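Remarks on the structure that follows.
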Amino acid sequence: MESFDIFLVCPPGFETTLAEEARALGYAPEIAIGGVTVSGGWLDVWRCNLHLRGAARVLARLGAFRAMHIAQLDKRARKFPFSDILRSDIPVKVEVSCHKSRIYHEKAAKQRIVGALNAQGLSVSDEATLTLKTRIEDDLCTFSIDTSGEPLHKRGHKLQIGKAPMRETLAALFLRQMGYDGTQAVVDPMCGSGTFVIEAAEIAAGLPPGRDRAFAFENLAGFDRRAWDAMRAAQPVEAKPVFFGSDRDDGAIRASIANADRAGVAPLTTFTRAAISDLAPPESAPGIVIVNPPYGARIGQRKLLFALYGAMGKTLTERFKGWRVGIITSDPGLAKATGLQFLPALPPVQHGGLRIALYRTGPLP
Ligand SMILES: C[S@@+](CC[C@H](N)C(=O)[O-])C[C@H]1O[C@@H](n2cnc3c(N)ncnc32)[C@H](O)[C@@H]1O
């Protein structure tokens, strides 16, 4: 099994941005719905898990066969070389989904696949951390292994979170959509647990997002710990301390400082307690303001949010000349309340049951 399809999952709406990131890592991505496909071997699977900041998980496509009925599925699954990839001492969880296929009974299909695995001396458990995903679509049965395990936004550093934390993966994709390339200063004036600021500082410092966490692929046959340790040994680059977060909430600032410390970017970041109206630009060349203000409030509270977005727009317009601003919100009316001039809209994405979008400005006049 030299080269196979590697599917990089992301929320719908972010495919093009994730494809850009995969291209920057040297791949030739093909865009699909809810992710992008690249081609590679197991070292590429490790690399994608280690380096991609925007992927939610990395699936390795193991192979596929046609199955027109359940007995055929049973027969072909028994011949499928699962034991080349899975270990007999580590159980696997089996997930099955059927779409537009003659085999439509997911429970029955799962039973046959479990039987095939057991026949090869492999054990199955619904509690296993390793997942074998079976997709039966148009009578084609495709097996993939989820090589990430815990979703990739869990970098292992943000242990303290605020009320509505942004996922690291989404923060990284929004930073990319802002044109952040690791060289600009970044300010988040409502930083919560510090996600944008820490993510930006890690990018500047060349710290791979997966450097400190475990992955499901470590439990596959053929995993080579020495080679993996060599791959993930970070080679940090020198970066300027130009990453600033503020929030009016004391707890948020304490959490951000602790999270930045765990991520190893404390020397690059500054977190200060301040309300948006007291925000002042740092002494750096103009860079990027990226902010995820509160939104999605119940009727009645929306009025307060209009005032908050208005105050933010006023502060940024008056004090952040030359900076580019990115606001993430679910509410176009609130974005408009800032009074800022936005560039053409990007596709919205699903987050926490809401459709959120990035509203970007050019350099403020
Ligand atoms: C949606 S959360 C931001 C979450 C953050 N992006 C993260 O990943 O944790 C909004 C933040 O805005 C802060 N906030 C609300 N009103 C503010 C104000 N007037 N000035 C400064 N911060 C404010 C809240 O304390 C909260 O932490």
Side-chain angles (χ1 to χ4, degrees), residues 11 53-54 56 151-178 180 186-203 209 243-263 265 269-282 288-298 301-316 318-320 325-331 334-335 337-338 349-359:
R53 309 196 81 94
L152 294 180
H153 73 269
K154 301 206 172 175
R155 317 273 203 231
H157 307 123
K158 193 165 77 179
L159 303 184
Q160 287 171 21
I161 54 171
K163 275 173 227 144
M166 172 75 36
R167 283 198 192 138
E168 285 73 353
T169 42
L170 298 197
L173 290 163
F174 282 128
L175 281 165
R176 179 170 283 274
Q177 290 186 340
M178 284 303 295
Y180 176 63
V186 172
V187 169
D188 179 352
M190 300 194 193
C191 68
S193 45
T195 319
F196 282 112
V197 177
I198 294 169
E199 204 60 25
E202 286 189 20
I203 294 168
F243 305 97
F244 304 89
S246 53
D247 200 291
R248 69 166 177 199
D249 183 64
D250 251 337
I253 296 307
R254 278 196 303 273
S256 293
I257 291 171
N259 292 336
D261 196 31
R262 264 188 298 270
V265 292
T269 54
T270 307
F271 292 98
T272 322
R273 198 183 82 85
I276 185 77
S277 42
D278 297 329
L279 180 70
I288 293 168
V289 176
I290 189 156
V291 57
N292 166 217
Y295 51 71
R298 273 164 291 154
Q301 285 179 340
R302 196 156 174 259
K303 223 168 154 190
L304 292 174
L305 288 185
F306 269 96
L308 177 64
Y309 279 66
M312 179 172 76
K314 185 166 180 285
T315 302
L316 294 172
E318 288 175 359
R319 303 180 201 159
F320 281 74
V325 177
I327 299 169
I328 293 116
T329 181
S330 63
D331 189 332
L334 288 174
T338 59
V349 289
Q350 289 290 337
H351 178 60
L354 290 171
R355 275 157 72 90
I356 57 170
L358 173 67
Y359 294 83

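Read the numbers this way: they start at 1 and go in the same order the structure lists the ligands and their atoms. From a predicted model like this one, the values you see are computed outputs, not experimental measurements.
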Requested in this report: Under 4.0 Å, heavy atoms only, figure out whether ligand 1 is touched by the backbone of S246, its side chain, both or neither.
Outcome: neither

**Report entry** Numbering as shown, the atoms of ligand 1 that approach D249 to under 4.0 Å (heavy-atom distance)
**Finding:** 25 (O)

Report summary line: Heavy-atom nearest pair, I198 first then S193, reads CD1-O, 4.0 Å

**Report entry** Any N/O pair S193/ligand 1 closer than 3.5 Å
**Finding:** yes

**Report entry** Shortest reach to atom 22 (N) of ligand 1 by a heavy atom, considering only R248, E168, M312, R167
**Finding:** R248

Query raised in the report: Between N292 and ligand 1, is there a nitrogen or oxygen pair with a distance under 3.5 Å?
Result: yes

Requested in this report: Work out which heavy atom in G54 is nearest to a heavy atom in L173; give both atom names and the distance.
Outcome: O-CD1, 3.5 Å

Query - Note: D278-R248 ion pair, threshold 4.0 Å (strictly below) - result: no

Query - Polar side-chain atom of R155 near backbone of R53 as donor-acceptor pair, under 3.5 Å - result: yes

Requested in this report: Please report the closest heavy-atom contact between T195 and M166, naming both atoms and the distance.
Outcome: CG2-O, 3.4 Å

Query raised in the report: Under the 3.5 angstrom rule, does the side chain of S256 hit a backbone N or O of G192 as a donor-acceptor pair?
Result: yes

Report summary line: Near I276 (heavy-atom distance under 4.0 Å), the atoms of ligand 1 are 18 (C), 19 (N), 20 (N), 21 (C)

Report summary line: Note: C191, heavy atoms under 4.0 Å from ligand 1, region reported as backbone

Query raised in the report: If you count the atoms of ligand 1 from 1 in the order shown, which ones are under 4.0 Å from a heavy atom of P165?
Result: 7 (C), 8 (O), 9 (O)

Query raised in the report: Which of the atoms of ligand 1 are close to L308, meaning less than 4.0 Å from one of its heavy atoms?
Result: 16 (N), 18 (C), 19 (N)

Query raised in the report: For ligand 1, which atoms, with element, lie under 4.0 Å from some heavy atom of A275?
Result: 20 (N), 21 (C)

Report task. Within a distance under 4.0 Å of any heavy atom of T195, pick out the atoms of ligand 1 and give their elements. Result -> 7 (C), 8 (O), 9 (O)

Query - Identified side-chain contact (heavy atoms from CB on, under 4.5 Å) counterpart of M312 within the set I276, L334, V325 - result: I276

Requested in this report: Identify the heavy atoms of I328 and P293 that sit nearest to each other, and give their distance.
Outcome: O-CD, 3.4 Å

Requested in this report: Please confirm whether P189 comes under 4.0 Å of ligand 1, counting heavy atoms of the residue only.
Outcome: yes

Requested in this report: Using distance alone, determine whether K158 and ligand 1 share an N or O pair under 3.5 Å.
Outcome: no

Requested in this report: Using a 4.0 Å heavy-atom threshold (strictly under), name the region of A274 that reaches ligand 1: side chain, backbone, both or neither.
Outcome: backbone

Requested in this report: For the pair R319 (side chain) and L279 (backbone), establish whether a donor and an acceptor sit closer than 3.5 Å, ignoring hydrogens and angles.
Outcome: yes

